[in-house]
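Working notes, structure below.
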Amino acid sequence: MKEKLLEINNLTVHYVVENEVVQAVNNVSITLNRGETLGLVGETGAGKTTLALSILRLLPDPPGRIADGEIIFNGKDLLKCSDKEMRKIRGEKISMIFQDPMTSLNPVLTVGEQISEMIRLHRKVSRTESTRLAVEALESVGIPGERYLEYPHQFSGGMKQRVVIAIALACNPELLIADEPTTALDVTIQAQVLNLMMNLKKEKNTSLILITHDLGVVAETCDKVAIVYAGEIVEYGTLEHIFNNPSHPYTVGLFGCIPNLYQDVKRLKPIPGMMPNPTDLPVGCNFFERCSSRMDCCKEKKPATIEVEPGHLVKCFMAGEELTGR
Amino acid sequence: MSVLLEVQNLKKYFNTPKGVLHAVDGVSFKLERGKTLGIVGESGCGKSTLGRTIIHLLDSTEGKILFEGKDITHPTKKELKILRREMQMIFQDPYSSLNPRMTVERIIAEPLLIYKQYDSKEETYKRVRELMDIVGISPRFADSYPHELDGGRRQRVGIARALALEPKLIVCDEPVSALDVSIQAQILNLMQDLQEEFGLTYIFITHDMSVVKHISDNILVMYMGIPFEFAESKELFKKHYHPYTKALLSAVPIPSIKYKKKPILIKGEISSPINPQPGCRFALRCPYKQDVCLQQDNPLVELSPNHFVSCARAREVNDV
């Protein structure tokens with residue numbers, strides 16, 4: 001039985017700076033069921049992190065402002081919650097893992113203290129009990145409990161990220177948002193950390209939103225994928241939809257950009273140009289300038305979202321037709 | 001094909017308060033003109049130190065570096081200045097490797113001015129425009145400062161600067177790691193074009209296995225300062241003999257759902273090679289470890305033609 005956990009409808013987020021409006025997230029809708037993993041894929045500046053921060057209502061305000069939309073979590077609109085209610089949700093129901101494990105830990109507190117602080121904030125337990133739970137949490141991520149009293153600088157990058165995961169999962173949240181959790185790590189360590197995250201997730205039936213730019217990581221971990229470009233979801237579908245039948249020219253382009261370990265290609269097919277300036281998005285399709293299948297109508301109006309097969313949504317006039325130009 | 005660069009048993013040690021750190025510990029290879037050598041490994045394996053030692057940003061502790069057959073291990077100041085024209089470097093971080101107070105034009109002109117390539121300003125800046133055109137920066141950026149450019153364009157400026165003196169060898173230290181994939185592909189293609197056009201020889205240092213496979217002719221896998229495996233790129237991705245190479249390759253996430261594979265998870269993490277004990281430095285994490293691994297150092301052995309491995313049990317483990 002699939003149970004809806006999170007539903008985002010038409011979310012629009014702006015940053016207002018010096019009379020300019022940065023349109024960071026535009027009209028984004030997402031649904032996520034319990035126990036599922038959704039991959040948010042896109043390049044720097046696509047708005048992935050802004051989207052994640054909006055769910056937790058952690059946007060720096062000002063300049064960030066949620067202009068429109070709703071975020072429904074467990075039947076409740078998070079955008080209408082009071083600050084006090086939000087504080088209860090953060091960490092207990094929804095928690096987040098940040099990209100850089102070096103800066104997301106407090107350097108002057110022991111790692112054990114940082115985990116038990118989280119537990120004490122959300123549960124009425126004694127200090128001894130929270131310490132016991134924190135040691136358990138450390139061990140669940142493969143760090144010996146004796147290291148409870150050590151400081152972040154005594155841990156390596158991979159180990160620090162494990163501590164961050166332990167903190168995030170300490171209160172058994174229903175939704176975990178991981179923002180590029182392994183980007184700063186070496187591949188063999190990345191494999192360890194991803195493996196750990198997926199096992200814990202399965203064990204606790206947590207839903208996961210995984211933000212990444214690495215399609216390889218997506219292929220190994222996600223159930224559903226959303227491709228984000230210039231603040232919009234240009235393609236959304238199951239893992240099979242996206243990898244077997246990529247339908248937006250940008251998604252196709254992304255696959256052409258990555259060298260493949262199992263196939264020999266003489267030359268990569270880069271996507272020409274750069275992402276449009278988010279303070280000055282074009283009238284038509286955001287991808288128009290860089291698209292190899294563009295038509296005249298793409299310049300004049302924004303394409304609507306088309307369902308090319310059940311559950312596979314594409315924001316392109318050409319969706320469902322053979323892409324030209326490549 | 002003639003050999004452009006030969007490195008023999010190169011070592012670079014650093015003295016640290018905790019002891020002697022063996023950053024590069026006995027690397028040898030030959031690099032032919034016009035080819036690309038990829039050096040891969042995880043952070044802390046000594047790959048950047050190796051690159052920097054080769055082009056004399058660091059002095060080597062032991063070993064020999066031969067460039068066009070000439071020993072350049074200990075150059076005099078004068079010789080070094082001549083050498084620097086021949087060997088250039090492209091750095092990882094296009095944000096910190098460009099002088100923030102110089103314009104794009106001035107940054108690219110810098111090597112030309114230092115070496116007094118041209119008599120007049122006009123000629124110098126004509127060459128700068130030419131270089132900008134070669135790497136694909138539009139002339140309207142000539143007076144821009146680095147902070148006004150995005151990562152991809154900045155890296156292009158770094159490449160133009162490296163090309164200015166028409167070097168023979170370019171050491172590229174993670175030139176695309178800081179870039180987004182679509183920009184990364186643009187830069188990789190540019191570098192391949194330049195290699196073809198100017199007959200450049202690259203040493204390409206990276207941690208990204210897919211990138212290194214794409215661009216290299218030969219690949220050297222390093223771990224804690226030690227060369228673990230050396231082979232032709234195609235050969236290495238077909239057959240990898242060293243347990244570390246196996247684990248490293250299996251850990252790379254593949255952007256496809258056709259190839260489902262289980263990564264070989266190796267325990268623990270890379271530590272620093274301070275006062276290392278004899279024996280294999282990977283032994284503590286290696287699933288095939290036996291007593292023999294810790295008894296002696298393992299030099300590179302040619303297991304199949306032009307495929308070298310440093311592992312005491314390579315033959316047993318791989319049935320060769």
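Smallest separation of non-hydrogen atoms from B:Glu42 and A:Ile189: OE2-N, 4.2 Å. Here the shortest heavy-atom pairing between B:Ser256 and A:Ala219 reads O-CB, 3.7 Å. Across every non-hydrogen atom of A:Glu220 and B:Pro253, the tightest pair is OE2-CA, 3.3 Å.
Considering only heavy atoms from C-beta on, B:Asp150 stays 4.5 Å or farther from A:Met275 through its side chain. Residues B:Ser182 and A:Cys257 meet the side-chain proximity criterion, which asks for heavy atoms closer than 4.5 Å. With a 4.5 Å cut-off on side-chain heavy atoms, A:Gln192 and B:Lys267 do not count as touching.
Only the side chain of A:Ile258 has a heavy atom closer than 4.5 Å to any heavy atom of chain B. Proximity to chain B is limited to the side chain of A:Gln190, based on heavy atoms less than 4.5 angstrom apart. Heavy atoms of A:Val218 lying under 4.5 Å from chain B are absent altogether. Only the side chain of B:Leu188 has a heavy atom closer than 4.5 Å to any heavy atom of chain A.
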side-chain contact (heavy atoms from CB on, under 4.5 Å) evaluation trace for A:Met274 with B:Arg153:
CA-CA 10 Å; A:Met274 267 166 301; B:Arg153 286 215 180 87; 3.2 Å; yes
Please evaluate residues A:Thr188 and B:Arg285 with respect to the criterion side-chain contact (heavy atoms from CB on, under 4.5 Å), reporting the C-alpha separation (whole Å), side-chain torsions for both, the decisive distance (0.1 Å), and the verdict.
CA-CA 11 Å; A:Thr188 59; B:Arg285 302 174 72 190; 3.8 Å; yes
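Rounded to the nearest 0.5 Å, atoms CD1 (B:Ile183) and CD (A:Glu43) are 6.0 Å apart. Atom CG of residue B:Leu179 and atom NE2 of residue A:His213 lie 10.5 Å apart, to the nearest 0.5 angstrom. Distance OG1/A:Thr44 to CG/B:Asp180: 3.0 Å, rounded to 0.5 Å. Atom CG of B:Leu249 is separated from atom CG of A:Leu261 by 6.5 Å, given to the nearest 0.5 angstrom.
Of the listed residues (B:Ala185, B:Gly151, B:Gly152), the greatest number of heavy-atom pairs within a distance under 4.5 Å of chain A belongs to B:Ala185.
Using a 4.5 Å heavy-atom cut-off against chain A, the contacting residues of residues 195-216 of chain B are B:Met209, B:Ser210, B:Val211, B:Lys213, B:His214. The interface of residues 226-240 of chain B with chain A, defined by heavy-atom distances below 4.5 Å, comprises B:Lys234, B:Phe237.
Remark: A:Tyr236 pairs with no residue by the ring-ring contact (aromatic ring centres under 6.0 Å, His included) rule, at least two apart or across chains. Taking the salt bridge (Lys or Arg N to Asp or Glu O under 4.0 Å) definition, one finds that B:Lys47 meets it with B:Glu174, sequence neighbours left out.
Remark: side-chain polar atoms of A:Asn195 are not paired, donor with acceptor, to backbone N or O of B:Leu265 under 3.5 angstrom.
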